[in-house]
Asker: 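The following block contains the structure, expressed as structure tokens.
Here the structure is a predicted model, which means the values were calculated and not measured. Every number for a ligand or one of its atoms is a count from 1 in the order of the listing.
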Amino acid sequence: MHNISRRQFGKVAAASAALAGTGLPEFSFGQTDVRPGSANLAFPQGFVWGCATASYQIEGAATEDGRKPSIWDVFSHTPGKTNDGDTGDVADDSYHRYKEDTQLIKNLGAGAYRMSISWPRIFPDGNGQPNPLGIDHYKRVVDDLLANGITPYVTLFHWDLPAALEGGWQSRDTSKAYADYAGYVARQLSDRVKHFMTMNEFDSFTTLGYKTGKFAPGLMLPEAGVNQVRHNAILAHGLGVQAIRANAPAALVGLAENATVFVPVIEDEKNIEAARRATREENAPFLTAVMEGKYTESFLEREGADAPQVGAGDMQAIGSPIDFLGLNVYQPFYVRADGSAKGYELVPRQTSYPRMASPWIAVGPEVMYWAVRNVSDLWHPKVMYITENGCSADDVMTSDGRIEDTDRVMYLRNHLTHLHRAVAEGFPVKGYFLWSLLDNFEWADGYSKRFGIHYVDFKTEKRTPKLSAEWYREAIRRNVVV
Ligand code: GBH
């Protein structure tokens, strides 16, 4: 029995039981044993398990060591913009408590941590002279992670744009300032950090920041202006890739993108094709442009006079090859094939569709599989990571100090099950980062939505592992969906 795999064991045991006609086969529940005949949900050896956070959401210390305001400081301090007027002034105080947070990661047995760098700590005015105290802080954080056997994955921009940059993402100068900043950080950290992500989620900080006004800087521009902002954002990514390569030749460069994910309403050939087409078209201003180095004709046609102004060389920069693609995955959109020229139509969700505490998190764990598959089938990235996945829940502490977030465990377990399917089918997903390590400043929702697997008491900053942390530790320990 020792020389056969568990999967074979299941088959052999079932077969011999059937032959002998003795009813149930005998088996024991070992560390990773599964019932004969059930799927083995083990991940490959070396699969990267991690947690993710972002600077403005956890650090606090908003005015310390030379940091100047980001657009999120300005926005959150503007009355009416965030829930209860919450700001990131203190957040999780991780700027001071990063060693404690390292230990939380270590206790999970996680081998990786996706963190972001605060641009206004490094260049308080957005450009010009770097602030040495800024980069020194991140060297200490990274060294502490490394000393504890945790590999840092660094995002260079997770929405905290220096407020001093005039026009923000409306200006091409911001794209250039970003590239200088990215190159500087890569040069400073690449002796310690191998994986850099240029940006987090184009659509979130461009569309929400400059079209709906729900995120910083809270503008509601006409469509042409929004498209220019989107263009400047992907241009910054492209120039950033080039700057990182020039300054840190050994670094691996990627992106953390929340591509809109389409799930075929029924898994058959024509609907699978519809999901693929929808993925390409609906992500045209972002991931499609990055992966193809061009805007699709249908996007340019659709936007007409509102299409972005594209400078010479822009698309080539935007299409700079990347080493890995990170996907932030939360919710599915269902799609079916129709007879139209574009070949798909969205299938609306019924009002009874299940959701987590944040109303936008419609629960559909198969989103994980289709995120990977659609993107792979279209663009074949060599390496992919899930750079975020997780959910908010109405976490309350019991009288004996526990947080029984069975709903979050349910959400995570099912998403991992569908991620396993993608891995088992051979798609090159190398790791998974859970959002989030700890409850934090959830942007416009302030502290009203909790995404952590560690509970944070925002009065005392005390961290308490939730049931989901215990669950994640067990999954990591066994390298299997538990
Ligand atoms: C990620 O965004 C972010 O990277 C991370 O910082 C964040 O904390 C995490 O997810 C959880 O939200 O208010 O109706 O306009 C996920 C994508 C896009 C989801 C914007 C929320 C706002 C919906 N986000 N969206 S709405």
Asker: Distance to 0.1 Å, residue and atom name: give those for the protein heavy atom nearest to atom 21 (C) of ligand 1.
Answerer: W360 CE2, 3.3 Å
Asker: With heavy atoms only and a cut-off of under 4.0 Å, state how L208 meets ligand 1: side chain, backbone, both or neither.
Answerer: side chain
Asker: With a cut-off of 4.0 Å, which atoms of ligand 1 are near a heavy atom of S204?
Answerer: 17 (C), 18 (C), 24 (N)
Asker: Does the pair D203 and K211 meet the rule for a salt bridge (charged side-chain N to carboxylate O under 4.0 Å, His left out), with working shown?
Answerer: CA-CA 10 Å; D203 193 37; K211 180 178 176 167; over 6 Å; no
Asker: Could you check which of E257, K214, Q57 puts a non-hydrogen atom nearest to atom 15 (O) of ligand 1?
Answerer: K214
Asker: Side-chain contact, heavy-atom cut-off 4.5 Å: R463 with Y455?
Answerer: no
Asker: Please list the nearest protein heavy atom to atom 9 (C) of ligand 1 with its residue and the distance rounded to 0.1 Å.
Answerer: Y330 OH, 3.4 Å
Asker: Give me the residue, atom name and distance of the protein heavy atom closest to atom 17 (C) of ligand 1.
Answerer: E201 OE1, 3.4 Å
Asker: Give yes or no for whether the N/O distance cutoff of 3.5 Å, strictly under, is met between W443 and ligand 1.
Answerer: yes
Asker: Within 45° of the axis and under 6.0 Å from the centre of the six-membered ring of F433, does NZ or CZ of R114 qualify?
Answerer: no
Asker: Could you list which atoms of ligand 1 come closer than 4.0 Å to a heavy atom of E442?
Answerer: 7 (C), 8 (O), 11 (C), 12 (O)
Asker: Need the ligand 1 atom indices (1-based, order shown) with element for anything under 4.0 Å from a heavy-atom of H158.
Answerer: 3 (C), 4 (O), 5 (C), 6 (O)
Asker: State the atoms of ligand 1, each with its element, that fall below the 4.0 Å cut-off from a heavy-atom position in E388.
Answerer: 1 (C), 3 (C), 4 (O), 5 (C), 9 (C), 10 (O)
Asker: Is R336 positioned over the aromatic face of Y344, cation under 6.0 angstrom from the ring centre and no more than 45 degrees off axis?
Answerer: no
Asker: Just wondering, more than 12 heavy atoms not from M397 lying within 6.0 Å of its CE?
Answerer: yes
Asker: Mark yes when over 12 heavy atoms from residues, nucleotides or ligands other than K382 sit less than 6.0 Å from its NZ; otherwise mark no.
Answerer: no
Asker: Taking all non-hydrogen atoms of both residues, which atom of L287 and which atom of A259 are closest, and how far apart?
Answerer: CD2-CB, 3.9 Å
Asker: Does only the side chain of N200 get under 4.0 Å from ligand 1, or the backbone, or both, or neither? Count heavy atoms.
Answerer: side chain
Asker: Report the residues that fulfil side-chain hydrogen bond (donor to acceptor under 3.5 Å, both in side chains) with E64, sequence neighbours left out, ordered by chain and then residue number.
Answerer: H96
